[in-house]
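Computed from heavy atoms alone, side chains included, the values below leave out hydrogens, waters and symmetry copies. These figures come from a predicted structure and were not determined experimentally.
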Amino acid sequence: MTTTTLSTPRLSEVARHLVIPEGIVTSVYPKIEKRLNEAGVFFDVWQQGWGKVALGCRADGKFAATIGGVVASVPRQVGKTFTIGHLLIGLALEYPGVRAIWTSHHNRTTTNTFRSFQAMVGRKSIAPLLASNGIRTANGEQEIRFANGSIIMFGAREYGFGRGLDRIDMIVLDEAQILSIKALEDMVPAMNQARNPHGGLLVFIGTPPRETDPGEVFSEKRHQALSGKATNQVYIEISADEDADLDDESQYPKMNPSFPARTSLESMLRMRENLPDEDSYRREAMGIWPKVSHHVAVISPAVWRDLKAVGPQADVSPVAFGVDMSHGLQISVVGSWLCGEKIHTEEVWAGDDVAAAVEWIAAGAKRRIPVLIDGYSPAAQMIPELSSRGVKAKRTTAGDMTKGCLIFETRANAGTLSHSGQPQLAAAVAGARKRPIGDAGGWGWDRRDATVTIHPLVAATLALLSASSTRAPTNGQRISTRRGAVLL
């Protein structure tokens, strides 16, 4: 058994990732800490750091995170409700008239949190500061009211809580891994008329989402922070090592800085015993994010929009074709052209007739233009017929797909890929996510949900893969690409 000595580490020492907005010159936290200390509430050093950066202000006096919010990926039993809950109570006491919301996805979670708050404000040093009807427990109208006019409201998003509210100064989005874009859109407008002199503040708290969770919002917040694109957001992530053994007790202080001073060994072991599913334990107890996120868009809509270009003339030959077929038997043929440093990609044929697709490809690729088809795709059935017609058809492997996907992502983000703005390809890019391939960190395209079809994107990836290793034609080859179900 590992023996761990008590310590008071700083936030920077316990956080696996810590992103702090630039320009913070002061913090509201010392005022809040004074209030809490007077009430008998004391934070550990790392919690004090959390409060300082969360309530940090720039020179104009506004919260540095008032635009992007405070985002925290924290495992279970770390003390998130204690930390954020008391910060919220401190704000309510310090600033008369504060209006705040604490919302979870599930009603049961919200009710448990409300009970924790009742205990927090039930302290003999805080209770006298509540209004005469300070605690309202009616189902669906759970509230804590303070004598100075501040109020904290509680509700579950699954029941639509938060819509229609206004003049909200702070929203805590608990279970942020189950936060849909629609729910966020419903709640954010409530802060448009925030009265707090430091501005409104959104707080996102959660654990790494499951693939089945609506985790796009939380995952995108993390992605923006770690990629350096979030300039107005605090991001805190606490977790065990990515490759940690699930039963390695030396990981406990890393995944839970409140261990062992506030969280006992028995509590940690109890959680391991009652979360037997290894994936759930890694996410919820250890806080480990998967290497490949299923929820983050690989190419952002803004980046894809900026890649739109006219492309080559319609009768200029592509240097490569990529072909894919959905499991609904829809076929996409995509061509790629070399345009200086850029590679231009367009869908040139689409339909559901295999024979017609073979005829078109055989005619279009008669100049020995390579045609790539994923060996695991239903489109692979066309390879023998295409080969018999002299087409340079190649069956690609999983390794080819991982290489092609990386090239697609790299070129798109570097601006060396272009497209003509075809809606079918744009929809595929918007709805595609990464899925792991192999154990070396490779990935391939996956659908975000059942409503998305990504076969045009797979075809484009294969065409791009081939074009990336092809020299520009020197003999002025031209073919007509305006045949069949052409979409140019």
Side-chain angles (χ1 to χ4, degrees), residues 27-29 31-32 35-36 39 41 51 54-57 61-72 80-105 107 109-111 113-118 120-122 126-157 159-176 179 183-205 234:
S27 178
V28 173
Y29 177 74
K31 294 181 180 180
I32 306 305
R35 285 273 186 176
L36 295 175
V41 178
L55 303 181
C57 298
K62 297 294 185 180
F63 289 128
T66 190
I67 296 175
V70 177
V71 185
K80 60 180 176 59
T81 302
F82 179 90
T83 305
I84 298 300
H86 278 107
L87 288 178
L88 185 50
I89 291 170
L91 285 166
L93 293 173
E94 180 68 23
Y95 297 98
V98 160
R99 290 169 58 83
I101 289 173
W102 186 295
T103 172
S104 308
H105 177 73
N107 187 56
T109 305
T110 303
T111 298
T113 300
F114 181 61
R115 289 171 180 163
S116 296
F117 266 79
Q118 287 179 266
M120 294 179 200
V121 300
I126 298 179
L129 303 177
L130 299 181
S132 58
N133 58 341
I135 298 179
R136 185 165 184 168
T137 59
N139 191 33
E141 296 183 3
Q142 298 167 322
E143 298 175 351
I144 295 177
R145 293 179 176 271
F146 296 82
N148 66 359
S150 293
I151 180 174
I152 305 174
M153 295 167 276
F154 301 80
R157 296 190 294 272
Y159 295 124
F161 176 77
R163 289 197 296 266
L165 295 175
D166 61 2
R167 296 191 298 107
I168 302 300
D169 299 294
M170 186 170 179
I171 300 177
V172 179
L173 298 154
D174 198 1
E175 296 183 314
L179 174 64
L184 188 62
E185 290 174 345
D186 287 342
M187 302 193 75
V188 169
M191 300 183 68
N192 289 345
Q193 298 177 18
R195 302 288 180 84
N196 187 281
H198 302 289
L201 195 61
L202 278 166
V203 179
F204 303 77
I205 315 172
V234 170

D169 backbone acceptor or donor facing N196 side chain under 3.5 Å: no
Inter-residue atom distance Q142.CD - M153.CE, 0.5 Å rounding: 12.5 Å
CD1-CD distance between I151 and E143, expressed to the nearest 0.5 angstrom: 4.0 Å
4.5 Å side-chain heavy-atom contact, E94 and V28: no
Geometric class of the F117/F154 ring pair [parallel <30°, tilted 30-60°, perpendicular >60°]: perpendicular
L202 side, atom CG; I67 side, atom CD1 - distance, nearest 0.5 Å: 11.5 Å
Contact summary for F204 and A176, nearest pair of heavy atoms: CB-CB, 4.1 Å
Side chains of R99 and D166 in contact at under 4.5 Å (non-hydrogen atoms): yes
From CA spacing to verdict: side-chain contact (heavy atoms from CB on, under 4.5 Å), T103, T110: CA-CA 6 Å; T103 172; T110 303; 5.6 Å; no
Pairing residues for S150 by the side chain to side chain donor-acceptor pair (under 3.5 Å) criterion, not counting sequence neighbours: N148
Side chains of M170 and V203 in contact at under 4.5 Å (non-hydrogen atoms): yes
Non-hydrogen side-chain atoms of L91 and L55 separated by less than 4.5 Å: yes
K80 and D174 ion-paired at < 4.0 Å: yes
Test item: L184 and L173 side chains (from C-beta on) under 4.5 Å apart, heavy atoms: yes
Heavy-atom closest pair, residues M120 and T81: CE-O, 3.5 Å
